[in-house]
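All figures in this text were calculated on a predicted structure; none of them were measured in a lab. Residue numbers start from 1 in every chain, and the chains themselves are labelled A, B, ... in the order their sequence lines are given, proteins ahead of strands.
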Amino acid sequence: MSQLSRNARAARFLVAPSVLLLLAWMTVPLAMTLYYSTVNFNLTIPGLRNFVGFENYIFFFTDPSFFAGMSNTLVLVGSTLLITVVLGTLIAVLIDSPFPGRSLVRILLISPFFIMPTVNALVWKNLLMNPVSGFFAFLSKSVGLTPIDWFTDVPMLSIIIIVSWQWLPFAILILMTAMQSLDQEQLEAARMDGAGPIAIFRHITLPHLARPLAVVVMIETIFLLSIFAEIFTTTGGGPGTQTTNLAYLIYSQALLQYDVGMASAGGIVAVVLANIVAFFLIRVVGKSLAGE
Amino acid sequence: MKLHTEKVVKLTLVTIVSWLVAALLFFPIFWMILTSFKTELNAFSSPPSLFFWPTLENYFVVFERSDYVRYAWNSVVVSFASSILAMLIGIPAAYSMAFFPTKRTQGVLLWMLSTKMLPPVGVLVPIYLLARDMSLLDTRTGLVIIYTLINLPIVVWMIYTYFKDVPKDILEACRMDGASLWQEIRHVLIPITMGGLSSTFLLSLILSWNEAFWSLNLTASQAAPLTALIASYSSPEGLFWAKLSAASTLAVAPILVFGWISQKQLVRGLTFGAVK
């Protein structure tokens, strides 16, 4: 046998460790969640594990905090997407052509993405949004306004601002990279034909950014559906359930109320939700894979 | 001539607006760093003090009292170990799929990507119970296993796209010379793609360093990394802004630098090769 085909055969086996590990990581816990979601299982009551069918799901769906969790999740994901995609596109276009100090500007713009979520949340909560000594309170006072008590008066908006600050740089980073592959000759030709900046943006830039934008929306959605640390370190889901999203709700049922059955039912709901988004993302990525 | 002035005006405008936006977005980080050099009294003062004698006291206190070094060491060990492991498992897989594709390769790649989309809360309960039963709760080993698995799909994907860019002729030539599989990877492929591999490693490092779902849920006092240390400042008795800022600045500084270095290559990994 030649060295060529021997190497080819050996190579086939190299993919096995990754596949086996990920297969185990994907199926074992998920199967367990599925099983737990059908039994009455509370960590504070040892030995209790009787089959209850869909009861956990019924409890989960009829729990008033489920509706709050669902709508908070949608509001958080929707608003953050809107803010990051719109501003991200504008900023990416703004910094596309050279100007003095562009590379430093780029570094400053993408920096928030590399800040760990707990630092992000606490810096905003204390140094900026504190109603007494925070920087925003100082700004309000200096123009004669009453400072906003961010986490009491507008808790959800505060979370949205914090999360958007972290994810706007992600959108900028992806979109400004995508801008670089824009056909400059086509741009020049459009300008020669007298196309204004808005016409160029609408008919050349936006179509060019269509796929990167789709990728940004879907990847952000996947991560935003699971936002946890920002809520955990600032509001703890409150006041009431005003900032409880699906992820935080499931966490509190599992590790604060020890109701494994119900938390697992919630977990399955979260998985189904994420899968709907993932289905579309994988189609887009699959197309780019086939197009190579 | 008129065209020229128009251009100058436009350039000036773009420059000013860009710098303003950048300053605005960077402000929270700047403010955090500034606060870390204030005294606690100054940090709370309103209006905020802009001119003050900088002090390093917070940094000393953070190092001494909150056991910063232990948390930082946990972060270092966990993110390096999980990234190295993910590379060791991921490079062979990417090699196999990039150079010896079969009918199933594309399906396998997309399936790997789909494991990344499993929301962590969906498996929180079983992972927590499994970790508890295997005595992996609050251990660095537990975190390393989980971080390796959650970063593996991204690592395989990113390396796959870099390997795809390598001209096949080079590898075939070295196979003709009778190089074994190991020699081929070790002496030809890895040196050629070193840049891409380092960016992949950096991305994995950044993601592990900043991970704050599993670290908050699975660690307590022994294995807690920096994300968890900072979270402990959220309790009312921990409200020391200057010290929080100093601890935070130390926690984000290395990762910020890594991010700056590898910003261009990160796009590939973060979008699974869909944007290059």
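- Only the side chain of B/F27 has a heavy atom closer than 4.5 Å to any heavy atom of chain A.
- At a threshold of 4.5 Å between non-hydrogen side-chain atoms, the residues A/R106 and A/R102 count as touching.
- The residue among B/L152, B/T35, B/V21 with the most heavy atom pairs within less than 4.5 Å of chain A is B/L152.
- With respect to chain B, the highest number of heavy-atom pairs below 4.5 Å among A/I250, A/L94, A/V123 belongs to A/L94.
- For the options B/W182, B/W209, B/W31, B/F258, heavy-atom pairs under 4.5 Å to chain A are most numerous at B/W31.
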B/E184 vs B/Y95, side chain to side chain donor-acceptor pair (under 3.5 Å): CA-CA, chis, key distance, verdict: CA-CA 11 Å; B/E184 182 188 322; B/Y95 168 79; 2.7 Å; yes

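- For A/F170, the part lying near chain B is the side chain, with the backbone staying farther off; criterion is any non-hydrogen pair under 4.5 Å.
- Residue A/P98 touches chain B through its backbone alone, counting heavy-atom pairs closer than 4.5 Å.
- Smallest separation of non-hydrogen atoms from A/N245 and A/Y248: OD1-N, 2.9 Å.
- The backbone N or O of B/G269 lies less than 3.5 Å from no partner atom in the side chain of B/W157, so there is not a single donor-acceptor pair.
- The CD atom of A/Q253 lies 11.5 Å from the CG atom of B/L124; values are rounded to the nearest 0.5 Å.
- Using a 4.5 Å cut-off between heavy atoms, A/S226 touches chain B through its side chain atoms alone.
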Go through it in stages, so that I can follow the logic: the residues are A/N56 and A/S264, the test is side chain to side chain donor-acceptor pair (under 3.5 Å), and I'd like the CA-CA distance, side-chain angles, deciding distance and then a yes or no. CA-CA 8 Å; A/N56 285 318; A/S264 301; over 6 Å; no

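- Among A/V260, A/I222, A/L21, A/L255, the residue making the largest number of heavy-atom pairs under 4.5 Å with chain B is A/L255.
- Between A/F223 and A/W167, the gap from one ring centroid to the other is short of 6.0 Å.
- Comparing A/F135, A/F113, A/Y35 by how many heavy-atom pairs each has under 4.5 Å with chain B, the most go to A/F135.
- For the pair A/W165 and A/I115, the tightest heavy-atom approach, listed with the atom from each and the gap, is CH2-CG1, 4.2 Å.
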Under the side chain to side chain donor-acceptor pair (under 3.5 Å) rule, what do B/T227 and B/E211 come out as? Steps first, then yes or no, please. CA-CA 7 Å; B/T227 43; B/E211 201 287 328; 6.0 Å; no

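- For B/L226, the parts lying near chain A are the backbone and the side chain together; criterion is any non-hydrogen pair under 4.5 Å.
- Across every non-hydrogen atom of B/P126 and A/T33, the tightest pair is CG-OG1, 3.1 Å.
- Contact annotation for A/L168: only side-chain heavy atoms (C-beta onward) come within less than 4.5 Å of a heavy atom of chain B.
- The side-chain heavy atoms of B/P153 and A/L22, taken from C-beta on, include a pair separated by under 4.5 Å.
- When the candidates B/L256, B/L11, B/L24 are compared by the number of heavy-atom contacts under 4.5 Å with chain A, B/L256 comes out ahead.
- Ranked by heavy-atom pairs under 4.5 Å with chain A, the first of B/V108, B/I91, B/L129 is B/L129.
- A/L87 does not touch chain B: none of its heavy atoms, backbone or side chain, sits under 4.5 Å away.
- Counting heavy atoms from C-beta outward, A/I161 and A/M129 have side chains that approach closer than 4.5 Å.
- In this structure, the ring of B/Y160 has its center no less than 6.0 angstrom from the ring center of B/F163.
- With a threshold of 4.5 angstrom between heavy atoms, A/I282 approaches chain B through its backbone and through its side chain.
- Interface remark: B/T102 contributes side-chain atoms only to the contact with chain A (heavy atom separation under 4.5 Å).
- At a 4.5 Å heavy-atom cutoff, the contact between A/V105 and chain B is made by backbone and side-chain atoms alike.
- Put simply, of B/I146, B/I255, B/L110, B/L266, the one with the most heavy-atom pairs under 4.5 Å next to chain A is B/L110.
- The minimum heavy-atom distance between B/T148 and B/A86, with the atom names listed, is CG2-N, 3.8 Å.
- The heavy-atom pair separating B/A231 from A/L122 by the smallest distance is CA-CD1, 4.4 Å.
- For chain B, the option among A/F279, A/W124, A/F13 with the highest count of heavy-atom pairs below 4.5 Å is A/W124.
- Heavy atoms closer than 4.5 Å to chain A are found in the side chain of B/M97, but not in its backbone.
- Nearest heavy-atom pair across B/A224 and B/Y71 is O-CD2, 3.1 Å.
- With a 4.5 Å cut-off on non-hydrogen atoms, B/L118 touches chain A through its side chain but not through its backbone.
- With a 4.5 angstrom heavy-atom cutoff, A/Y251 touches chain B via backbone and side-chain atoms both.
- With a threshold of 4.5 angstrom between heavy atoms, B/I206 approaches chain A through side-chain atoms but not through N, CA, C or O.
- For chain B, no part of A/M218 is nearby; none of its heavy atoms comes within less than 4.5 Å.
- Of the listed residues (A/P100, A/A274, A/S37, A/G267), the one with the most heavy-atom contacts under 4.5 Å to chain B is A/P100.
- The contact between A/L173 and chain B is made by backbone and side chain atoms together, counting heavy-atom distances below 4.5 Å.
- Contacts of A/F41 with chain B are made by side-chain atoms alone, with heavy-atom separations under 4.5 Å and no backbone atom involved.
- Among the candidates A/P17, A/A16, A/G101, the residue making the largest number of heavy-atom pairs closer than 4.5 Å to chain B is A/G101.
- Separating the CD1 atom in B/I159 from the CZ atom in B/R268 is a distance of 11.5 Å, to the nearest 0.5 Å.
- Between A/F232 and B/F213, the ring centre distance reaches or exceeds 6.0 Å.
- Only the side chain of A/I91 comes within less than 4.5 Å of a heavy atom of chain B; its backbone N, CA, C and O stay farther away.
- Using a 4.5 Å cut-off between heavy atoms, B/L149 contacts chain A through both its backbone and its side chain.
- Taking chain A as the reference chain and counting heavy-atom pairs below 4.5 Å, the highest number among B/T12, B/N217, B/V155 is found for B/N217.
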